[in-house]
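For reference, the structure is listed below as structure tokens.
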Amino acid sequence: MKRILVTGGAGFIGSHLCERLLRQGNEVLCVDNFFTGTRANCESLLADPSFELLRHDVTFPLYVEVDEIYNLACPASPIHYQRDPVQTTKTSVMGAINMLGLAKRLRVRILQASTSEVYGDPDVHPQAEGYCGHVNIAGPRACYDEGKRCAETLFYDYERQHRMSVRVARIFNTYGPHMHPQDGRVVSNFIIQALTNQPITIYGDGSQTRSFCYVDDLVEGLMRLMAVDGGPIGAVNLGNPVETTVLALAERVVALCNSRSTITLHPLPQDDPRRRCPDISRARDLLHWSPRVDLDVGLTRTIAYFEAQLARSAAPVRSLRQPAPQMSA
């Protein structure tokens, strides 16, 4: 048994990770400031004596005793991280410094949840870990893109300077239950719109591609990366290498929801990537990992989750009939 800290543990991915770690017999300290995470995501875990939920902002130091650290704290959808871009950068950079400082004091392994956004709007396809990216540092997405890039640099420097054991996961588009219904990302937006028979809003002509990884597969990759021995390892892409156009995704969601929604096109947001697909060769070789959940299977599970959320109360239905503008994360 280990005592494991998960920052951002009440968020979409973090809550699934906490559940998996508990099932393995670990004690889990879940830390979140609830900016985008919710207590409801961890509701089923609260009765477990091995689970502890702590409200805390990682931009401030944290003094706890743990055996491993997963640093997932940061808003991950454009509509949320652009709401307060300065705080987003502070969360990525100062949060990394504080969690690395904690790991250094305790001499424990730490994993950073980085992102495919470090590649920006790529001119190399698919994106391998050696690609340095094509990021607009002055654009509206830069607070997240550059914050995560700086956080990665801090991890590599702590590894070299202090001989620490660090892990960096570059996470590509992930979906599944516990997604925020108004996070502005394509999967959640399309499902909410389809379930309420509202027009499906596509930004651009829908030909831009994404690769969608179900959350259970992603969590398995994170845990394998944390567990792998040796080092330095460097960044590892975690995502689904199968590309899907945004238009094709919308059509699949409409069909799976048996929806009457029509598709409407809108101008593409600034710096929205044209193509996004990981090269997961390193993950296959190093972790013996690749996604297993088929897109239709994952979408069906996610649709069932949102159906239950909509059925729980009439108030969320009213607020979700006009979803926030969709941006391709």
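For the atom pair CG of L247 and OG1 of T209, the computed distance is 12.5 Å after rounding to the nearest 0.5 Å. The CD atom of Q24 sits 7.0 Å away from the CD1 atom of I4 when rounded to the nearest 0.5 Å. Here OG1 of T264 is found 10.5 Å from CD of Q198. Values are rounded to the nearest 0.5 Å. Summarising the geometry, atom CG belonging to L29 is positioned 11.5 Å from atom CG belonging to L21; distances are rounded to the nearest 0.5 Å. Rounding to the nearest 0.5 angstrom, the gap separating the OG1 atom in T174 from the CD1 atom in I13 is 4.5 Å. The OG1 atom of T7 lies 10.0 Å from the CG atom of N33; values are rounded to the nearest 0.5 Å.
Taking the six-membered ring where tryptophan is involved, the planes of F12 and H16 are perpendicular, since the angle between them exceeds 60° and thus also 30°. Between F172 and Y119, the ring-plane angle classifies as tilted under the 30° and 60° cut-offs.
Here the closest heavy-atom approach between residue I303 and residue C257 is recorded as CD1-SG, 3.6 Å. Scanning both residues, S211 and N173, for their nearest heavy atoms gives O-CB, 3.2 Å. For S77 against R185, the heavy-atom pair with the smallest separation is CB-NE, 3.6 Å. Taking all atoms of both residues into account, the shortest heavy-atom contact from V293 to G298 is CG1-N, 3.8 Å. Shortest non-hydrogen contact noted between Q82 and P140 is CG-O, 3.3 Å. Between I69 and M226, the shortest heavy-atom distance links the atoms O-CE, 3.2 Å.
When hydrophobic clusters are built by joining Ile, Leu, Val, Met, Phe, Trp and Tyr residues whose side-chain heavy atoms come closer than 4.5 Å, directly or via intermediates, L54 is grouped together with M99. By the rule that hydrophobic residues join a cluster once side-chain heavy atoms approach within less than 4.5 Å of another member, F51 and V64 end up as members of separate clusters. Connection of I97 to V118 is not established within any shared hydrophobic cluster, with ILVMFWY side chains joined at heavy-atom distances below 4.5 Å, either directly or through further cluster members. Under the 4.5 Å side-chain heavy-atom criterion for Ile, Leu, Val, Met, Phe, Trp and Tyr, V108 and V31 are members of the same hydrophobic cluster. Residues L62 and M94 do not share a hydrophobic cluster, defined by chaining ILVMFWY side chains whose heavy atoms lie under 4.5 Å apart.
Residues S116 and R170 are not in side-chain contact: their nearest non-hydrogen atoms beyond the backbone lie 4.5 Å or more apart. Side-chain contact between F155 and M164: absent, with no pair of heavy atoms (C-beta onward) separated by less than 4.5 Å. The shortest side-chain heavy-atom distance between L287 and L238 falls under the 4.5 Å cut-off. Taking 4.5 Å as the limit, every side-chain heavy atom of D216 sits out of range of all side-chain heavy atoms of R292. Counting heavy atoms from C-beta on, the side chains of V215 and T302 never come closer than 4.5 Å. Contact annotation: the side chain of F212 never approaches that of L299 to less than 4.5 Å [non-hydrogen atoms, C-beta and beyond]. Contact of the L154 side chain with the Q112 side chain is not registered, since no non-hydrogen atoms from C-beta on lie closer than 4.5 Å. Using a 4.5 Å heavy-atom cutoff, the side chains of S290 and I280 are in contact.
A salt bridge between E129 and R282 is absent, with no side-chain N of the basic residue lying under 4.0 Å from a carboxylate O of the acidic one. No salt bridge links R39 with E43; every basic N to acidic carboxylate O contact stays at or beyond 4.0 Å. R167 has no carboxylate O lying under 4.0 Å from a charged side-chain N of E159, or vice versa, which leaves the two without a salt bridge. In summary, E152 and R149 do not engage in a salt bridge, as defined by a charged side-chain N under 4.0 Å from a carboxylate O. Between K148 and E117 there is no salt bridge, since no side-chain N of the basic residue sits under 4.0 Å from a carboxylate O of the acidic one.
Between the side chain of N197 and the backbone N or O of R260, at least one donor-acceptor pair lies under 3.5 Å. Of the possible donor and acceptor atoms, none in the side chain of W289 sits under 3.5 Å from a partner among the backbone N and O of L222. Remark: the backbone N or O of G206 is paired with a side-chain donor or acceptor of Q208 at under 3.5 angstrom. No donor-acceptor distance shorter than 3.5 angstrom exists from the side chain of S259 to the backbone of V254, with no hydrogens or angles considered. E307 places no side-chain N or O within 3.5 Å of a backbone atom of L195 that could act as its donor or acceptor partner. H56 places a side-chain N or O within 3.5 Å of a backbone atom of F60 that can act as its donor or acceptor partner. With hydrogens and angles ignored, the 3.5 Å screen pairs a side-chain donor or acceptor of N237 with a backbone N or O of Q127. Under the 3.5 Å distance criterion, the side-chain polar atoms of T89 are left unmatched by any main-chain donor or acceptor of G147. Of the possible polar contacts, one joining the N26 side chain to the K2 backbone as a donor-acceptor pair under 3.5 Å is found. A distance-only check finds a donor-acceptor pair linking the side chain of D121 to the backbone of R274 [under 3.5 Å].
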Going through the distances and angles, do L17 and M223 end up as a side chain to side chain contact (heavy atoms under 4.5 Å, CB included)?
CA-CA 8 Å; L17 176 61; M223 294 173 63; 3.8 Å; yes
Pair H180-S188, side chain to side chain contact (heavy atoms under 4.5 Å, CB included): steps then yes or no
CA-CA 7 Å; H180 195 292; S188 52; over 6 Å; no
Side chain to side chain contact (heavy atoms under 4.5 Å, CB included) evaluation trace for R109 with D229
CA-CA 10 Å; R109 185 172 294 178; D229 290 324; 3.5 Å; yes
Please step through side chain to side chain contact (heavy atoms under 4.5 Å, CB included) for the pair Q193 and V253, ending with a clear verdict.
CA-CA 10 Å; Q193 290 170 332; V253 169; over 6 Å; no
Could you go step by step and tell me if E65 and R3 meet the salt bridge (charged side-chain N to carboxylate O under 4.0 Å, His left out) rule?
CA-CA 8 Å; E65 303 296 321; R3 179 168 169 79; over 6 Å; no
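Sorted by first then second residue, the ring pair (Phe, Tyr, Trp, His ring centres under 6.0 Å) pairs that include residues 234-266, not counting sequence neighbours, are Y203-H266.
Within a 6.0 Å radius of CZ in R160, more than 12 heavy atoms belonging to other residues, nucleotides or ligands are found. The environment of NE2 in H134 is sparse: at most 12 heavy-atom neighbours from other residues, nucleotides or ligands sit within 6.0 Å. Atom CZ of R105 has more than 12 neighbouring heavy atoms from other residues, nucleotides or ligands inside a 6.0 Å radius.
Residues passing the side-chain contact (heavy atoms from CB on, under 4.5 Å) test with N98, sequence neighbours excluded: P61. Taking E19 as the reference, R23, L45 meet the side-chain contact (heavy atoms from CB on, under 4.5 Å) condition, with sequence neighbours excluded.
Checked by atom type, the side-chain pair H178/S15 shows a donor-acceptor distance below 3.5 Å. D123 and Y131 share a donor-acceptor pair across their side chains, judged by distance under 3.5 Å alone.
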